[in-house]
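These notes are about the structure you will find just below.
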Amino acid sequence: MPDLDDYPQFTKLHRLIRQKAAAGLGPQHYRVPQILAGGRSARILVDVGPAYLFFLSVLDTIWQGRAASRPGHREPGICSDDRVYLAFARTFASLDGAVGTALTQIMFLPYLRANLDITVFISLPTGTIGETARKGSRGSPFAVSDPFAIDPSLADPLVPELGALEQYQALVQACLLLGMRAGSVVPLATLSIDSPLFARDPALGFWRDVAPDEPLQWADPSVPRTHPGTYPWFELSASCAARFVAAPDASEVRTESADGGGHYVAVSTRAGVPRRLSLAPAFPGRQDAGGTPFWADVAMLNFTSLPYPLPAGCYTPELDDPSRPAFQLAATMIAWRHVELREEVFFVDVSGTVPDAVFQLARQLSARQADRTSPIVFVGEQVWKFDRFSDAIDAVVGPLIFCVSAHTGNVAVLVESMNYHLAAIKERVDSNPYMAGTGNHDSLPARPDLSPLLLACYHFLPRAVPLIYAGSEFHAQLVTNKEFGFGTSTELQALRGGLADADLPLFNDVPLNWEMLPEFDDRGRPVIDIPELLRRCRSVSRALTADLEGYDTVCLPGMTNCSGYRRFKVRDPRDSLVVLVNWDGAAERRIRWPFGAASRVLGIYTGAEQGTLSTGGYLRMPPRSAAVWVTGASRRRAPAADSPVVLPDPHGRDRSTATSGNSSGEP
C-alpha cells in the first residue's frame with residue numbers, strides 16, 4: 001500500500017482540506033457538473049453544498065481507493081493499451097463558474113479514470129507565461145518564461161496556503177494514486193521572448209542587428225530550400241538571414257519595454273563600431289489567412305551551428321552543435337520535471353527542432369539525480385508523419401489529429417485525408433505508436449456527428465493510441481486556437497478571420513459553460529455518449545483473441561465517401577477485423593460483403609436507422625455510420641448462420657439486437 005511519505009503534496013492538500021471542511025469554512029454552495037456527483041449528465045449543474053466538503057469527498061475517494069485501484073499500463077513507453085487525456089485545466093476543469101486550477105482538475109480525475117479508462121494524463125504547458133507580445137490577456141501557455149516554475153494561474157485561491165507548484169505536484173501525485181502516469185506538453189525548442197534565461201546566457205537564442213520590431217522576411221517559395229525540413233514552411237530570405245550575428249556577451253544585454261513587457265537588446269562594439277542587436281523572435285511574420293501569427297511571443301533556442309533559425313520542426317542533425325547551452329538547458333528542464341514533479345510522459349512541441357542528444361541527456365541527468373523506477377517517455381509532435389524522427393522518441397502526435405480530425409467542417413477534405421492516411425499506415429517505415437484523437441488545443445473542435453465515427457475508426461488501427469482532448473468527451477465546441485481545420489473553405493476562413501486572440505480560451509481565462517454543452521449534433525440528433533462509445537471500443541479490443549499482424553485498406557464497390565481497413569492474421573487472412581465508415585450525411589451505402597461469415601461487434605449510428613449485414617450478402621450502412629466486424633477465429637462466438645445482423649441503438653436506449661443467435665451487441 002502506498003506510504004504517506006510517497007505523496008507529500010497530496011497528503012498536505014488532503015489534510016488542509018479536511019481542516020477547512022471541519023471548520024465550516026469556504027463557500028457553502030458549490031456547483032459542479034452532475035457527472036462529478038454521481039449523475040450521468042455533464043450538462044446539468046448540481047449544488048453539492050460546502051465546497052471543502054465536496055473537495056474532501058473526492059480526495060478521500062482517491063486516497064482510500066489507492067490500494068484497490070487497477071493500475072494503468074506500466075510498461076516502458078506508450079502502447080495501444082494506453083488511453084491518453086490531454087488536459088487544459090483553465091477552461092475544461094472549471095467548477096462553480098470559475099477558471100479551472102490544479103485543485104479543480106484533481107476533482108475530475110476519478111471520473112476520467114473510471115469512465116474514460118485514462119492511463120496517461122497530460123497537461124498543457126504549465127511554466128510561467130511571458131509578458132511580451134502576449135496573445136489575449138493570459139498569454140499562450142507555450143510562451144514559457146520560467147520553465148522551472150508553475151504558472152500562478154494553476155493555483156486555486158481556495159487553498160492560498162499552497163502555491164502553484166505544490167498544488168500541481170498534488171495533481172501529479174493524485175494521478176499516480178489512481179494508476180495514471182502524469183506528464184505535460186513541454187516546449188523544448190522555444191522560450192518566451194522575455195525569458196530572463198536569454199539575458200543570463202544570450203547564446204541560448206538567435207541575435208540580429210536590427211530593431212526588435214523589424215519583421216523577418218521569407219524566402220521566395222520558388223527558390224529551392226537550403227535545408228528541406230519535415231514541415232513545408234518557408235525559410236528566411238538570404239538577405240534576412242545575413243542580418244543574424246553571433247550572440248553578444250551577457251554584460252551587453254539590457255531590457256527594453258515592448259508590448260507590455262521586456263524585449264532583450266544589446267549594444268555591442270565590434271572593431272570599434274557600435275552595433276545595436278536584438279534577440280530574434282521565432283518567425284513572427286507568418287500569418288496564414290487570418291490565423292494566429294506563429295511565434296510572435298517566443299524566441300527559438302539555438303541547437304545548431306547556424307547564426308539564424310531554421311523553420312520550426314526542421315530536423316537537421318547534421319547541423320547540431322552540442323556545445324550550445326540550449327542542449328544542457330532543455331535536458332535540465334525535463335530532468336527537473338521528472339525528478340521534482342514526478343512527471344513521466346512528455347509531449348514535446350515541434351520536437352523535430354530538438355536534437356536527439358537532448359532527449360538522451362535528459363534521461364542521463366534524471367538518472368543521476370534520483371533512483372526513479374519510472375522511465376521518461378517522449379512523445380514528439382510530428383504533424384505530417386506517423387514515423388518518429390529517431391529512436392530517442394517513443395511515440396508521435398499526429399498526423400490524424402492535425403490532418404484528418406481537424407476537417408470535420410469540410411467532409412470532402414476529411415474523407416480524402418482519411419483515406420490517404422489509412423493507406424499511409426500500410427507503408428510505414430517505423431512501428432512507433434502514434435496518438436489518435438479528434439482534436440487538441442490547435443484544431444477546430446470535431447463536429448458531434450463525426451467525432452464518434454473518427455474515434456471508432458481510429459481505435460482499432462495498428463499502433464494507434466487513443467487520445468482524448470479535454471472537453472471533446474462532452475462534444476465541447478470551444479475554439480481554443482485557430483491553426484488546423486480553418487483553411488479549406490470560404491466559410492471556415494471567415495470563421496477564423498472573425499476570431500481574435502482575445503476571444504480564444506487558450507490565451508484567456510474562459511471557463512467552460514457546462515450548461516451550454518450540445519445535447520444534439522449538427523443534424524439535430526441526440527449526441528452519442530463518448531465515454532460509452534470508448535467503453536464499447538475497449539470491450540471489442542479486449543475480446544479479440546487473434547494476433548492481427550496484417551493490415552490493408554478496404555475499397556469495395558459502393559464505398560463512395562467511405563473509409564475502410566482490415567486487420568488480419570497473416571497465416572489465415574479469413575481471421576480478421578474489418579472497420580468501415582460511411583461519412584456521407586445524406587446517402588446510405590449498400591456494399592457487397594466479401595469476407596465470408598462475420599459477427600458484428602460494434603456499430604455507431606448518428607441517425608435513427610441502423611445497419612444490417614446478411615452474412616455472405618450485402619452490408620447496408622446508413623448515413624454517418626460506422627461498423628466494426630470480426631470474422632473467423634478473431635471472435636469468441638460464432639454468428640448465426642446466414643441471418644441479418646442489426647446493430648444496437650448507439651444512444652443506449654436499447655442494447656439488445658433484433659437477430660436470433662446474437663443476444664448482445666458486444667462479444
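Quick note: numbers below take in every heavy atom, side chains included, and nothing from hydrogens, waters or symmetry partners.
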Please walk me through it: do I393 and N432 pass side-chain contact (heavy atoms from CB on, under 4.5 Å)? CA-CA 9 Å; I393 296 291; N432 59 270; over 6 Å; no

Does the side chain of M418 reach to within under 4.5 Å of the side chain of L454, using non-hydrogen atoms? yes

If we ignore hydrogens and angles and just use 3.5 Å, is the side chain of E381 paired with the main-chain N or O of G398 as donor and acceptor? no

Checking I118 against V120 for the side-chain contact (heavy atoms from CB on, under 4.5 Å) test, could you report, in this order, the C-alpha distance in whole Å, the side-chain angles of both residues, the deciding distance, and whether it holds? CA-CA 6 Å; I118 299 301; V120 178; 5.6 Å; no

Between E483 and S443, is there a donor-acceptor pair closer than 3.5 Å when you use the side chain of the first and the backbone of the second? no

Hey, what do you get for OG (S123) to OH (Y85), rounding to the nearest 0.5 Å? 10.5 Å

How far apart are the C-alpha atoms of F346 and V185, what are their side-chain angles, what is the distance that settles it, and do they pass the side-chain contact (heavy atoms from CB on, under 4.5 Å) test? CA-CA 6 Å; F346 301 96; V185 179; over 6 Å; no

Do the non-hydrogen side-chain atoms of V345 and V379 ever get within less than 4.5 Å of each other? yes

Donor-acceptor check, side chain of R566 to backbone of V579, threshold 3.5 angstrom: yes or no? no

For the pair D552 and K426, find out whether any cationic side-chain nitrogen is under 4.0 Å from an anionic carboxylate oxygen. yes

With a 3.5 Å distance limit and no angle check, can you tell me whether S390 reaches the backbone of D356 through a side-chain donor-acceptor pair? no

Value rounded to 0.5 Å, distance of CD in Q360 from CZ in F378: 10.0 Å

Answer yes or no: is there a donor N or O on one side and an acceptor on the other, between the side chain of N410 and the main chain of T488, under 3.5 Å? yes

So does C175 get a backbone contact from the side chain of R113, meaning a donor-acceptor N/O pair under 3.5 Å? no

Would you call R388-D394 a salt bridge at under 4.0 Å N-O? no

I want to check something: taking the side chain as every heavy atom from C-beta on, are L602 and F460 in contact at a cut-off of under 4.5 Å? yes

So which atom in G471 and which in F92 form the shortest heavy-atom distance, rounded to 0.1 Å? CA-CD2, 3.7 Å

Hey, does the side chain of S451 reach the backbone of A446 with a donor-acceptor pair shorter than 3.5 angstrom? no

Gap between atom CG of L506 and atom CG of D442 - 0.5 Å precision: 7.5 Å

What are the two closest heavy atoms between A464 and S80, and how far apart are they? O-OG, 3.0 Å

Taking C-beta and beyond as the side chain, do R624 and V581 meet within less than 4.5 Å on heavy atoms? no

Please tell me whether H441 and F142 form a close aromatic pair, meaning their ring centres lie under 6.0 Å apart. yes

Minimum-distance pair of heavy atoms, taken over all atoms of P531 and N115: CB-O, 3.8 Å

Would you call Y458 and V404 a side-chain contact if the rule is heavy atoms closer than 4.5 Å? yes

Nearest-0.5 Å distance that lies between atom OH in Y469 and atom OG in S405: 14.0 Å

Would you check if there is a donor-acceptor pair between the side chains of H459 and R83 at a distance under 3.5 Å? yes

Which atoms form the tightest heavy-atom contact between N419 and S563, and what is the distance? OD1-OG, 2.8 Å

Residues R542 and D117 bridged, charged N to O under 4.0 Å: yes

Honestly, is R567 close enough over Y551, meaning NZ or CZ under 6.0 Å from the six-membered ring centre and within 45° of the axis? no

In short, I78 meets M435 closest at the heavy-atom pair CG2-CE, 3.9 Å

Does R523 CZ have over 12 foreign heavy atoms under 6.0 Å away? yes

Test item: R181 and S374 side chains (from C-beta on) under 4.5 Å apart, heavy atoms: no

Over all atoms of both residues, closest heavy-atom pair of N582 and N561: OD1-O, 3.8 Å

A side-chain contact here means heavy atoms from C-beta on lying under 4.5 Å apart; do L444 and F486 qualify? yes

Spatial distance of atom OG1 (T408) from atom CG (D522) [nearest 0.5 Å]: 8.0 Å

Does any part of the side chain of R620, heavy atoms only, come nearer than 4.5 Å to the side chain of P622, both counted from C-beta? yes

Donor-acceptor pair, distance only, cut-off 3.5 Å: does the side chain of Y565 make one with the backbone of L461? yes

Between the side chains of S576 and T631, is a donor N or O closer than 3.5 angstrom to an acceptor N or O? yes

Answer yes or no: does atom CD of E549 have more than 12 heavy-atom neighbours from other residues, nucleotides or ligands under 6.0 Å? yes

Run the salt-bridge test on R447 and D449 with the 4.0 Å N-O cut-off and return the result as yes or no. yes

May I ask you to decide if I604's main-chain N or O and S625's side chain share a donor-acceptor pair within less than 3.5 Å? no

Any donor-acceptor pair under 3.5 Å linking the side-chain atoms of T560 with those of R589? no

Hey, mind stepping through V570 and L548 against side-chain contact (heavy atoms from CB on, under 4.5 Å) and telling me if it holds? CA-CA 7 Å; V570 174; L548 306 178; over 6 Å; no

Would a distance-only check, ignoring hydrogens and angles, find a side-chain to backbone donor-acceptor pair under 3.5 Å from S417 to L414? no

CZ of R40 to CD of E532, rounded to nearest 0.5 Å, is 7.5 Å

Under 4.0 Å between a Lys/Arg side-chain N and an Asp/Glu carboxylate O for K569 and D547? no

